[in-house]
Amino acid sequence: MSPIPLSYTDIAADITSKIDSGEYQAGAKLPSYTQLADLYSVSFSTAARAVALLRDRGVVVGSPGRGVFVADPSS
């Protein structure tokens, strides 16, 4: 039996913990949606929802055509 896939909230929490631990620092580019989907073994849309949640929380910022970056907490 295969494991239950992570939810978008689980993925957002994991990315947040990686930011908090310094694995992803302020200004660092996150992996693409496709790369995140592969990394967490989820669909593209689940990865996109996780990033959207982080964007709504102000944890990351998107730059059209460039990618998604960790927000600078001091700004």
*Taking all non-hydrogen atoms of both residues, which atom of Pro5 and which atom of Val42 are closest, and how far apart?*
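Of all heavy-atom pairs spanning Pro5 and Val42, the closest is CB-CG1, 4.4 Å.
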*Arg66 and Lys29: which non-hydrogen atoms are nearest, and at how many Å?*
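The answer is O-NZ, 2.9 Å.
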_Running the 4.5 Å side-chain criterion over Ile, Leu, Val, Met, Phe, Trp and Tyr, what cluster does Leu53 land in, apart from itself?_
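Direct or chained contacts put Leu53 with Tyr8.
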*Do Val51 and Leu36 come within less than 4.5 Å of each other through their side chains, counting heavy atoms only?*
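Heavy-atom side-chain distance check passes, below 4.5 Å.
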Would you compute the distance between atom [atom1] of [X] and atom [atom2] of [Y] and round it to the nearest 0.5 angstrom?
X     : Y     : atom1 : atom2 : answer
Leu6  : Thr46 : CG    : OG1   : 9.5 Å
Phe44 : Thr34 : CZ    : OG1   : 5.0 Å
Ile15 : Asp10 : CD1   : CG    : 11.0 Å

Residues 16-27, side-chain donor-acceptor partners within the protein, below 3.5 Å, at least two apart:
unit_1	atom_1	unit_2	atom_2	d
Thr16	OG1	Ala12	O	2.8
Ser17	OG	Asp14	O	2.7
Ser21	OG	Ser17	O	3.4
Ser21	OG	Lys18	O	3.1

_I'd like to check the side-chain hydrogen bond (donor to acceptor under 3.5 Å, both in side chains) partners of Thr9; sequence neighbours left out, ordered by chain and number._
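Testing Thr9 for side-chain hydrogen bond (donor to acceptor under 3.5 Å, both in side chains), a comparison that skips the adjacent residues, returns Ser7.
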May I have the list of side-chain donor-acceptor pairs in residues 55-64 shorter than 3.5 Å, sequence neighbours left out?
unit_1	atom_1	unit_2	atom_2	d
Arg55	NH2	Tyr33	OH	3.2

*Sequence-distant partners of Ser41, side chain to side chain contact (heavy atoms under 4.5 Å, CB included), two or more places apart*: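 Residues passing side chain to side chain contact (heavy atoms under 4.5 Å, CB included) with Ser41: none at all.
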*salt bridge (Lys or Arg N to Asp or Glu O under 4.0 Å) contacts touching residues 32-49 (sequence neighbours left out)*: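 Of all non-adjacent pairs touching residues 32-49, none passes salt bridge (Lys or Arg N to Asp or Glu O under 4.0 Å).
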